[in-house]
There are 2 protein chains.
Amino acid sequence: MDFKEILKEKGIKATKTRLAVLNLLDKSDQPLAATTIFHDLKNQKIKIDLATIYRIIEKFIGLKIVKQVDFREGMLRYELAGDHHHHLICQSCGDVSSYHGECLSEVEKVIKEKYKFNVAEHVLEFFGTCDNCQKELI
Amino acid sequence: MDFKEILKEKGIKATKTRLAVLNLLDKSDQPLAATTIFHDLKNQKIKIDLATIYRIIEKFIGLKIVKQVDFREGMLRYELAGDHHHHLICQSCGDVSSYHGECLSEVEKVIKEKYKFNVAEHVLEFFGTCDNCQKELI
DNA sequence: TTAGGTGCAAATGATTTGCAATAAT
DNA sequence: ATTATTGCAAATCATTTGCACCTAA
């Protein structure tokens, strides 16, 4: 996808740093912390500041381009929005993998009827032990 | 429930501050932030320090007496463990209510079979608009 | 050109830690 | 009496903010 076009459509400037952040998130197979993005871009010799990254992410979240996730690490991680999925977080090695396929729309309908609460979004994450770590625990 | 007994069974001292924290969480109908606990106990004229509250909570979490939850407020909240439930968080007024009754054990079984990932626990929270705020938005 | 973006430095706020004093068993 | 626990002060660390300079449109 052409991030440059997407940003223009959203009405914000397609700066180098913004595109770099988007490309990094796009390439990553897991959500990234702000500091991780910072160091990765540094390694790519891209001049960037942590504060800028936070500002970019904040704007992206407002535009629904990016979502934040909390893996209980004392900091937040960010990933491209777009496809709704959940995560399997290994509490042993920290590995994160995506889990597609959970439909809570029925539950949300029940919540709407029973509590008159209108669900806009939900957070669902699974913590446990990945295949590799289960083997190592033997 | 007799928290004093519970703490003894767990093998840690039943101090005034620990019991005060437990009683406060027990009385609350929603998870509380550390600073909230701090101020509430202050109001009860109980001498206590924020650092102590964090240490108490840390210990309680280790003993599975307390669980932490993240409502995306930039800080964590804590509640008594014990009964598994989820929350309906109103993004408009901040009100939090409990939602009992969601069974993900089937999903976790599928995850186990398909990804060989062993789920130890899951986090499921609903964000949206409560009944009152829906009315006010008219 | 010019308004939106960024870098830099300093501030903020939640959470953690060292250490001496204190209280539960 | 002994050891865990606490209070206090200082440190840490993620995230935010003010402001002058820069750059995409």
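Numbered from 1 within each chain, the chains take letters A, B, ... in sequence-line order.
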Response to the item:
For A:Leu19 and A:Ala14, the nearest pair of non-hydrogen atoms, with its separation, is CD1-O, 4.0 Å
Item to complete: Apply ring-ring contact (aromatic ring centres under 6.0 Å, His included) to the pair B:Tyr99 and A:Tyr115, showing each step before the final yes or no.
Response: CA-CA 9 Å; B:Tyr99 169 66; A:Tyr115 299 85; 5.7 Å; yes
Discussion item. Using heavy-atom distances to pick each residue's nearest nucleotide on DNA chain C, tell me which of A:Thr52 and B:Met75 is more 5'.
Written reply: A:Thr52
Discussion item. If the threshold is 4.0 Å, N to carboxylate O, is there a salt bridge linking B:Glu121 and A:Arg72?
Written reply: yes
Discussion item. If you count every heavy atom of other residues, nucleotides or ligands that lies below 6.0 Å from B:Lys10 atom NZ, does the total exceed 12?
Written reply: yes
Fill in: Comparing B:Thr15 and B:Ala34 on DNA chain C - which has the more 5′ nearest nucleotide
B:Ala34
Worksheet, complete the sentence: To the nearest angstrom, the CD1-C1' distance between B:Ile48 and D:dG7 comes to 10 Å
Practice prompt. List the atom of B:Ile48, the atom of B:Phe38, and the distance in Å for their closest heavy-atom pair.
Written response: O-CE1, 3.2 Å
Worksheet item: Does A:Tyr54 make a side-chain N or O approach to OP1 or OP2 of D:dT15 shorter than 4.0 Å?
Response: yes
Discussion item. If you only use heavy atoms from C-beta on, which nucleotide in D:dT6, D:dT15, D:dA24 is closest to the side chain of B:Arg55?
Written reply: D:dT6
Worksheet entry | Base D:dT23 to side chain A:Lys16, donor-acceptor N/O within 3.5 Å cut-off | no
Practice prompt. Calculate the interatomic distance between B:Arg18 atom CZ and D:dA4 atom C1'; express it in whole Å.
Written response: 8 Å
Worksheet item: What is the nucleic acid contact for B:Thr35, judged by heavy atoms within less than 4.0 Å: base, sugar-phosphate only, or nothing?
Response: nothing
Worksheet, complete the sentence: Result for 5'-nearest mapping on DNA chain D, choosing between B:Ala51 and A:Lys13, is B:Ala51
Worksheet entry | Nucleotide D:dT16, atom C1' - distance to CG of A:Leu50 in whole Å | 11 Å
Worksheet item: Mind checking which nucleotides bracket the chain B contacts on DNA chain C, 5' to 3', with an atom under 4.0 Å from a heavy atom?
Response: C:dA14 to C:dT25
Worksheet entry | Rounded interatomic separation in angstrom, taking CG from B:Asp49 and C1' from D:dG7 | 5 Å
Fill in: OP1 or OP2 of D:dT5 under 4.0 Å from side-chain N/O of B:Lys59
yes
Practice prompt. Heavy atoms only: give me the nearest A:Pro31-A:Val69 pair and the separation to one decimal.
Written response: CB-CG2, 3.6 Å
Worksheet item: What's the CG-C1' distance between B:Leu7 and D:dT5, to the nearest Å?
Response: 13 Å
Worksheet entry | Salt-bridge contact B:Glu58-B:Arg55 (side-chain N to carboxylate O under 4.0 Å) | no
Worksheet item: Which of these nucleotides, D:dA25, D:dT6, D:dG7, is closest to any side-chain atom of A:Ala14?
Response: D:dA25
Worksheet item: If you measure from the Lys or Arg side-chain nitrogens to the Asp or Glu carboxylate oxygens, is any gap between A:Lys114 and A:Glu108 under 4.0 Å?
Response: no
Item to complete: Verify the ring-centre separation between A:His87 and B:His122: is it less than 6.0 angstrom?
Response: no
Discussion item. So, taking the atom named SG in B:Cys130 and the one named NZ in A:Lys116, what distance separates them when rounded to the nearest 0.5 Å?
Written reply: 12.5 Å
Item to complete: Please report, rounded to the nearest Å, how far the C1' atom of D:dT5 is from the NZ atom of B:Lys47.
Response: 14 Å
Discussion item. In whole Å, I'd like the distance from the NZ atom of A:Lys8 to the C1' atom of D:dA24.
Written reply: 9 Å
Worksheet entry | Atom-to-atom span, NZ of B:Lys42 to P of D:dT6 - whole angstrom | 15 Å
Worksheet item: In degrees rounded to 10°, what angle is found between the helical axes fit to the five outermost pairs at each end of the helix from C:dT1-D:dA25 to C:dT25-D:dA1?
Response: 40°
